[in-house]
Number of protein chains: 2
Amino acid sequence: MAQRISQSELDIMNVLWEKSPMAASEVVERLDNNKDWSSRTVKTLLSRLVEKGALSTEADGRRYLYTPLIAKDTYASHAAKSLSERLFGGRAAPLVAHLAKGEGLSETDIEELEALLARLKK
Amino acid sequence: MAQRISQSELDIMNVLWEKSPMAASEVVERLDNNKDWSSRTVKTLLSRLVEKGALSTEADGRRYLYTPLIAKDTYASHAAKSLSERLFGGRAAPLVAHLAKGEGLSETDIEELEALLARLKK
DNA sequence: TAAGATTGATTACAGATGTAGTCAATAGAA
DNA sequence: TTCTATTGACTACATCTGTAATCAATCTTA
């Protein structure tokens with residue numbers, strides 16, 4: 001199950017979930033638009049994620065290529081469930097209501113959700 | 001906006017969101033069913049929440065009564081939005097899909113959600 | 001009134017987290 | 001071949017978290 005992934009670590013995971021395997025230097029570049037981290041910081045976060053079992057490494061010359069060991073889907077399910085449990089005893093509806101209130105739902109989202117619910121009802 | 005509330009602190013907030021104001025000793029009792037914390041631990045967490053501006057205190061003899069300064073709704077909206085942003089660029093649908101996959105949705109939830117979506121469409 | 005219980009204040013301390021710096025080896029450039 | 005840039009390994013350090021312990025004041029109970 002791997003340990004808990006911290007906020008900053010999640011930023012790294014997001015980059016690697018988009019494309020992998022990837023070397024540390026590439027991760028730094030990709031983050032550069034959003035984050036103002038030194039490459040040392042990124043390296044540290046990568047190492048911690050490897051320790052935690054969230055990333056695997058593969059040697060490529062004298063550097064490593066990193067690949068997620070945890071799928072984004074798996075992580076997202078856990079995180080979503082954990083949040084709804086901590087706040088609403090596991091019920092999802094209130095959580096969605098809050099997303100909606102925060103203008104989190106677009107027209108498209110609503111349609112997608114309706115389709116999803118229809119599927120679930122069967 | 002108050003700073004970030006940690007996991008353990010959230011357990012305390014949940015107790016006070018159910019009923020407030022409440023003295024530390026009551027919080028300890030209420031938590032006793034779920035958590036195995038010493039009363040010292042609970043006191044520490046209460047103090048930190050006061051420092052963070054998440055709780056207010058009111059003297060009651062030589063003890064304090066604690067009241068949430070942040071509404072559960074407000075917190076939930078932030079948390080839900082933040083999660084969906086970190087994972088799905090702010091889109092809610094994928095998050096709900098994940099809740100559904102983790103068996104987080106009961107029959108009742110589905111109905112509630114349909115009603116909610118119907119309301120949002122208008 | 002003396003002793004014990006309770007309360008907030010202060011202190012403790014290890015592990016997680018955010019954010020790097022230093023070092024030694026090595027690959028590439030001149 | 002010598003200098004430099006890059007890379008992983010190791011170290012650093014303040015803050016946050018989880019989980020309390022100690023202390024002094026005060027309330028309660030015998």
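Just so it is clear: chains get the letters A, B, ... in the order the sequence lines come, proteins before strands, and each one is counted from 1.
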**Q** In whole Å, I'd like the distance from the CD atom of E26(A) to the P atom of dG8(D).
**A** 12 Å
**Q** Within less than 4.0 Å of OP1 or OP2 of dT17(D), is there a side-chain N or O belonging to K52(B)?
**A** yes
**Q** Could you tell me the separation between the CD1 atom of I5(B) and the P atom of dC16(D), rounded to a whole number of Å?
**A** 15 Å
**Q** Please determine which of R48(B), K52(B), R4(B) meets the salt bridge (Lys or Arg N to Asp or Glu O under 4.0 Å) test together with E9(B).
**A** K52(B)
**Q** Counting only side-chain N and O atoms of S25(A), is one of them less than 4.0 Å from OP1 or OP2 of dT7(D)?
**A** yes
**Q** Taking atom C1' of dG8(C) as reference, at what distance in whole Å does atom CD of E58(B) sit?
**A** 16 Å
**Q** Identify, between S8(B) and R62(B), the residue whose nearest nucleotide on DNA chain D lies closer to the 5' end.
**A** S8(B)
**Q** Once the angle between the rings of H98(B) and F88(B) is folded into 0 to 90°, is it parallel (under 30°), tilted (30 to 60°) or perpendicular (over 60°)?
**A** parallel
**Q** What integer distance in Å separates L46(B):CG from dA9(C):P?
**A** 11 Å
**Q** In whole angstroms, how far is the C1' atom of dT17(C) from the CD atom of Q7(B)?
**A** 14 Å
**Q** Using only side-chain N and O atoms of S6(B), determine if any of them is under 4.0 Å from OP1 or OP2 of dG18(D).
**A** yes
**Q** Checking side-chain contact (heavy atoms from CB on, under 4.5 Å) for the pair W17(A)/D73(A): CA distance, chi angles, key distance, verdict?
**A** CA-CA 10 Å; W17(A) 275 327; D73(A) 268 17; over 6 Å; no
**Q** Quick one: do R63(B) and L65(B) satisfy side-chain contact (heavy atoms from CB on, under 4.5 Å)? Show the steps, please.
**A** CA-CA 7 Å; R63(B) 65 186 194 168; L65(B) 300 182; 4.2 Å; yes
**Q** Donor-acceptor pair, R91(B) side chain versus T108(A) backbone, under 3.5 Å?
**A** no
**Q** Rounded to whole angstrom units, what separation is found between the CG atom of L10(A) and the P atom of dT17(C)?
**A** 12 Å
**Q** Would you mind telling me which residue lines up with the more 5' stretch of DNA chain D, R48(A) or D36(B), judged by nearest nucleotide?
**A** R48(A)
**Q** Counting only heavy atoms not in D36(A) (residues, nucleotides, ligands), do more than 12 fall under 6.0 Å from its CG?
**A** no
**Q** Between G61(A) and L65(B), just flag the one whose closest nucleotide in DNA chain C comes earlier from the 5' side.
**A** L65(B)
**Q** Measuring from the side chain of A24(B) (C-beta onward, heavy atoms only), which nucleotide among dT22(D), dT19(C), dG8(C) has the closest atom?
**A** dG8(C)
**Q** Can you check whether Y66(B) has a side-chain N or O nearer than 4.0 Å to OP1 or OP2 of dT7(C)?
**A** no
**Q** When you measure only distances, ignoring hydrogens and angles, does the side chain of R40(B) come within 3.5 Å of the base of dT22(D) through a donor and an acceptor?
**A** yes
**Q** Measure from the side chain of R63(B), starting at C-beta and using heavy atoms only, and say which of dC23(D), dT7(C), dT19(D) lies closest.
**A** dT7(C)
**Q** So what does T41(B) hit on the nucleic acid, given a heavy-atom distance under 4.0 Å: a base, only sugar-phosphate, or nothing?
**A** base
**Q** Within this structure, what is the CD-to-P distance between E51(A) and dG8(D), rounded to whole angstrom?
**A** 15 Å
**Q** Would you mind telling me which of dT19(D), dT7(C), dG8(C) lies closest to the side-chain atoms of T44(B)?
**A** dT19(D)
**Q** For L45(B) and dT19(D), give me the distance from atom CG to atom P, rounded to whole Å.
**A** 8 Å
**Q** Are OP1 or OP2 of dT6(C) and a side-chain N or O of Y64(B) less than 4.0 angstrom apart?
**A** no
